[in-house]
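Each remark here refers to the structure printed beneath this line.
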Amino acid sequence: MGSRSGNSSPEVSSMENNRQPFIIGVAGGSASGKTTVCDIITQQLQGQQIIVLSQESFYHGLSEQKLSRVHQYNFDHPDAFNTKKLLSCLMSLKCGNEASIPNYDFKTHKNVLPERKVSPSDVIILEGILVFHDPRIRELMNVKLFVDTDADVRLAHRIYRDTVEKGRDITTVLEQYSKFVKPGYQDFIAPTKKYADIIIPWGRNNQVAIDLIVQHIKTKMGQHDICKFYSNLYVMRSTFQIRGMLTIIRDAYTSKHDFVFYADRLIRLVVENGLGHLPFKEKQVKTPTSAVYIGVEFSRETLCGVSVIRSGESMENALRACCKGIKIGKILIHKDAGEGEQLIYQHLPKDIAERHVLLLDPILATGNSAVQAISLLLEKGVPESNIIFLNLISAPQGIDMVCKRYPRIKIVTAEIELGLNENCHVIPGMGDFGDRYFGTY
Ligand SMILES: O=P(O)(O)OC[C@H]1O[C@H](OP(=O)(O)OP(=O)(O)O)[C@H](O)[C@@H]1O
């Protein structure tokens with residue numbers, strides 16, 4: 001039983017990873033304004049190659065029998081869509097290959113040939129009433145938006161669209177609405193709202209919501225791009241819990257007590273995540289039901305922590321809680337505007353060269369402190385590949401500096417920042433972490 005890398009993230013080669021597009025899902029009820037949202041996003045993401053796919057292209061063509069009773073056909077049910085085909089097209093584009101998109105004709109309700117050939121692009125926007133319904137499709141999306149429009153507004157849009165623009169008669173439109181559209185929304189579409197990263201309360205002039213969405217997408221795209229570039233950078237999978245905690249500790253008005261509480265919770269998650277990158281050995285145990293469980297075992301003797309004083313010390317408790325009795329060394333780096341960073345204190349385990357090192361510092365800004373700390377560890381004989389740098393937030397500039405200089409160390413972070421301001425402070429950041437955590441402001 002050999003020792004293996006316990007990397008929990010999917011291993012994707014950087015070549016494959018480099019071609020992966022950024023996928024935005026836009027869901028919402030019929031006539032909710034999805035197309036307008038897609039248009040605005042497309043306009044604002046200038047400079048990117050963007051393709052917009054509509055779930056409607058993936059409607060199953062109707063047989064003659066179904067066509068003869070087309071008014072009885074439920075176009076608002078998940079089974080109306082060829083989800084298998086949609087999944088294969090998205091997978092193909094995600095892997096950097098061309099995809100063949102069906103050509104659904106709304107007049108004849110048939111798929112007509114030829115299919116539309118779509119080339120891989122930087123961004124794919126997939127819009128449709130039920131694009132969040134299938135978990136496999138949701139899983140492929142980098143950002144999920146739900147356009148939340150009041151039912152009466154949606155109905156009014158739909159009546160206008162179907163009568164004025166499509167020439168249908170009002171009685172049929174209303175019948176279809178009460179029989180299929182409304183129940184379809186309640187049964188299948190509204191329940192997918194919970195999967196959205198952002199719920200857009202829609203109105204024609206909702207500029208604030210749009211600005212926020214575009215900023216969020218740009219941030220996520222920045223993260224996506226930098227992750228594509230550096231295969232040794234691991235950004236924790238974002239959940240509402242994690243974003244909620246980050247929202248609290250980024251908020252300038254959060255009390256010291258809450259700051260410490262939520263920073264500790266997040267730090268614990270980052271530490272657990274970092275531990276997932278350590279080597280492990282397979283281990284079999286017998287369970288109380290006398291069954292055999294084939295698990296894994298980590299070797300604690302070959303591990304230590306090193307905190308960068310002072311903010312890094314806030315991460316020590318979490319590491320101790322996860323690894324009882326772990327040795328933790330310390331490094332103090334003094335920042336001097338004139339002379340740059342200087343190492344002024346170090347206390348490290350004597351046998352550090354034989355250990356895997358979890359380097360602790362909650363903020364990666366310019367990367368200067370991290371470079372000082374890492375170069376000391378290398379001087380002490382720690383192999384570069386044995387260093388895992390754990391932090392809460394990382395600026396792209398710091399990531400660039402560390403990853404370029406030390407391509408074999410791993411960085412585990414909860415979120416990537418927009419950048420640095422003129423004072424080299426992380427933006428949006430969370431202020432001076434040490435001051436807020438230790439209450440020294
Ligand atoms: O990537 P860099 O540009 O080097 O900046 C990151 C450093 O800045 C912060 O420490 P700070 O100087 O605020 O000291 P403190 O931890 O003592 O508060 C942080 O904890 C890092 O150590």
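Below, each value reflects all heavy atoms present in this structure, side chains not excepted, and no hydrogens, waters or symmetry copies. Start at 1 and go down the list; that is how both ligands and their atoms are numbered.
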Between CD1 of I129 and CZ of F188, what distance do you get to the nearest 0.5 Å? 10.0 Å

Minimum-distance protein heavy atom relative to atom 21 (C) of ligand 1: D361 OD2, 3.1 Å

Residue from F58, F75, Y59 passing ring pair (Phe, Tyr, Trp, His ring centres under 6.0 Å) with F81: Y59

Between E98 and R116, does any side-chain N to carboxylate O distance fall below 4.0 Å? no

Let me have the donor-acceptor pairs involving side chains of residues 380-388, under 3.5 Å, with sequence neighbours excluded, atom names and distances please.
residue, atom, partner, partner atom, Å
K380, NZ, Q346, OE1, 3.4
E384, OE2, R408, N, 2.8

Test your reading of the structure: does A365 have an N or O sitting under 3.5 Å from an N or O of ligand 1? yes

Return the residue, atom name and 0.1 Å-rounded distance of the protein heavy atom closest to atom 11 (P) of ligand 1. K335 NZ, 4.2 Å

When you measure from atom 18 (O) of ligand 1 to every protein heavy atom, which one gives the shortest distance, and what is it? R310 NH2, 3.1 Å

Show which atoms of ligand 1 fall inside a sub-4.0 Å distance from at least one heavy-atom site of S311. 15 (P), 16 (O), 18 (O), 20 (O)

Does F132 have R138 sitting over its ring (NZ/CZ under 6.0 Å from centre, angle to axis within 45°)? no

When you measure from atom 4 (O) of ligand 1 to every protein heavy atom, which one gives the shortest distance, and what is it? S369 OG, 2.5 Å

May I ask whether G398 places a heavy atom under 4.0 Å from ligand 1? no

Applying side-chain contact (heavy atoms from CB on, under 4.5 Å), name anything that partners S314, two or more places apart in sequence or on another chain. I267, P362, F433, Y437, F438

Heavy atom of the protein closest to atom 3 (O) of ligand 1 (residue, atom name, distance): T366 OG1, 2.4 Å

Would you mind checking if R243 and E415 are paired as a salt bridge, meaning a charged N to carboxylate O distance below 4.0 Å? no

For ligand 1, which atoms sit closer than 4.0 Å to a heavy atom of I363? 6 (C), 19 (C), 21 (C)

Salt bridge flag under 4.0 Å for residues D361 and R310: no

Measuring to protein heavy atoms, does anything land under 4.0 Å from atom 15 (P) of ligand 1? yes

Which atoms from ligand 1 have a heavy atom of D432 less than 4.0 Å away? 13 (O), 18 (O)

Can you confirm, on distance only, whether ligand 1 has an N/O atom lying under 3.5 Å from any N/O atom belonging to P362? no

